[in-house]
Amino acid sequence: MSTPPNDKAAASARPMPDAGTPPAHVDHDRPGRPKAAARGLWRFMTSSMAAFTGTTIVLAFVVVGALADVLVRTDPLQVFGSDLLHPPSAEHWFGTDGNGMDVFARTIHAIQIDLVISVTAVAISIVVGVALGLVAGYRGGWFEMVLLRVMDVLQAFPALILALAVVAASQESIAAVIFVIALLDIPVFIRMTRGQVLSLRDAMYVEAARATGNKPWRIMWRHIMPNTLPPLIIQTAVRLAWSVMIVSSLAFVGVGIQVPTPEWGAMIRHGSAYVTSGQWWPSVFPGLALMLLVLGFNLLADAIQDHLDPRKD
């Protein structure tokens, strides 16, 4: 009659797993976050022609602006004294302006200025406007009433005229331009966020969070705020396009960024004096760059709105 094997002896007789072999439950085929983000971006870009075109334009401007010093070796402030108003050529692709500076180098380097000002101003307005809009929409009361009246007064002035007054009264610095654009954008994000909060603060999941003892700030930031992101993303793209136009508009009328700083509006203003005499290139090329970037942001906003539309199949 055979003796049953000892459990410990049987366990020791089993082959030990290789120390270098990963556990069976680890899924190493699952893409990481960068790869997943890249796939999500590609899926969005291929969802429509507007998404592909808008994303391509904006990404191209961002990359070219970030690498402007590497891609363009010509100093945008360098003066070619013998080449005043030189037409486009192999040496100067976009020609030279009335000061003898290379228009191509200035147009490329202007991307940095316009994007930095616009992105910084919109980022400030998002932080301030969303925070105030959340509190006003969730708490209501006198704070909401006072805040809305202040926003009414601020929006009663035409945007460009108010921007002109504020920047002209300051030292016409980049900081002043950022401040005035952020000031004009804050009411937009306050009203948008407040409207979203008003439609969400009585939702069932918010009532459940309130019933379980969550504090108001936690309910606002953890439960309501994530559901305001879709319209916030759309509005951000729209305001970026608007900010780029305001920056260039201020420079075009002689307020804000001044020559010789490379900025599209200032370049268009400076070059417009020579258009009637046939020298069109100092103003046309920066104008085309401005138009293309604004078009890219607007196409991107439309594509995001279509992509996030819950009624879309």
Side-chain heavy-atom pair Phe189, Arg239 within 4.5 angstrom cut-off: yes

Separation of Met291 CE from Ser248 OG (nearest 0.5 Å): 13.0 Å

Heavy-atom pair with the smallest gap, counting every atom of Glu263 and Ala266: OE1-N, 3.0 Å

Minimum side-chain heavy-atom gap Pro231-Gln196 below 4.5 Å: yes

Any Ile117 side-chain heavy atom under 4.5 Å of Ile257 side chain: yes

Distance-minimising heavy-atom pair for Gly137 and Leu198: O-CD2, 3.6 Å

Non-hydrogen atoms of Val180 and Val177 that approach each other most closely: CG1-O, 3.2 Å

Aromatic centroids of Trp264 and Phe285 separated by under 6.0 Å: no

Spatial distance of atom CG (Asp102) from atom OG1 (Thr107) [nearest 0.5 Å]: 8.5 Å

Phe52 atom CZ, neighbour heavy-atom count above 12 within 6.0 Å: no

Spatial distance of atom CG (Asp114) from atom CE (Met245) [nearest 0.5 Å]: 12.0 Å

Value rounded to 0.5 Å, distance of CD in Gln78 from CE in Met101: 11.0 Å

Between OG1 on residue Thr96 and CZ on residue Arg106, distance to nearest 0.5 Å: 11.0 Å

Minimum heavy-atom distance between Val238 and Ala301, given as atom pair plus value: CG2-CB, 3.6 Å

Note, Arg139 side chain near Pro216 side chain (heavy atom, < 4.5 Å): yes

From CA spacing to verdict: side-chain contact (heavy atoms from CB on, under 4.5 Å), Val294, Asn298: CA-CA 6 Å; Val294 172; Asn298 284 326; 3.6 Å; yes

Side-chain donor-acceptor pair present, Ser277, Gln279, cut-off under 3.5 Å: yes

Phe44 atom CZ, over 12 foreign heavy atoms within 6.0 Å: yes

Contact summary for Ala303 and Ser48, nearest pair of heavy atoms: CB-OG, 4.3 Å

Atom OH of Tyr205 with >12 non-hydrogen neighbours under 6.0 angstrom: yes

Closest heavy-atom pair and its distance - Ser249, Leu160: CB-CD1, 4.1 Å

Side-chain donor/acceptor of Thr46 to backbone N/O of Arg43, under 3.5 Å: yes

Gap between atom CG of Asn99 and atom CG of Leu85 - 0.5 Å precision: 9.0 Å

Neighbour count >12 (heavy atoms, 6.0 Å) for atom CH2, Trp280: yes

Derivation of the ring pair (Phe, Tyr, Trp, His ring centres under 6.0 Å) call for Tyr138 and Trp217: CA-CA 10 Å; Tyr138 186 80; Trp217 66 267; over 10 Å; no

Check: Ile108 and Gln112 side chains under 4.5 Å, non-hydrogen atoms: no

With Ile234, the side chain to side chain contact (heavy atoms under 4.5 Å, CB included) member among Gln305, His307, Met192: Gln305

Exam field: side chain Ser272 to backbone Arg269, donor-acceptor pair closer than 3.5 Å: yes

Ion pair Glu144/Arg194, N-O distance below 4.0 Å: yes

Pairwise side-chain contact, Leu288 with Leu292, heavy-atom cut-off 4.5 Å (strictly under): no

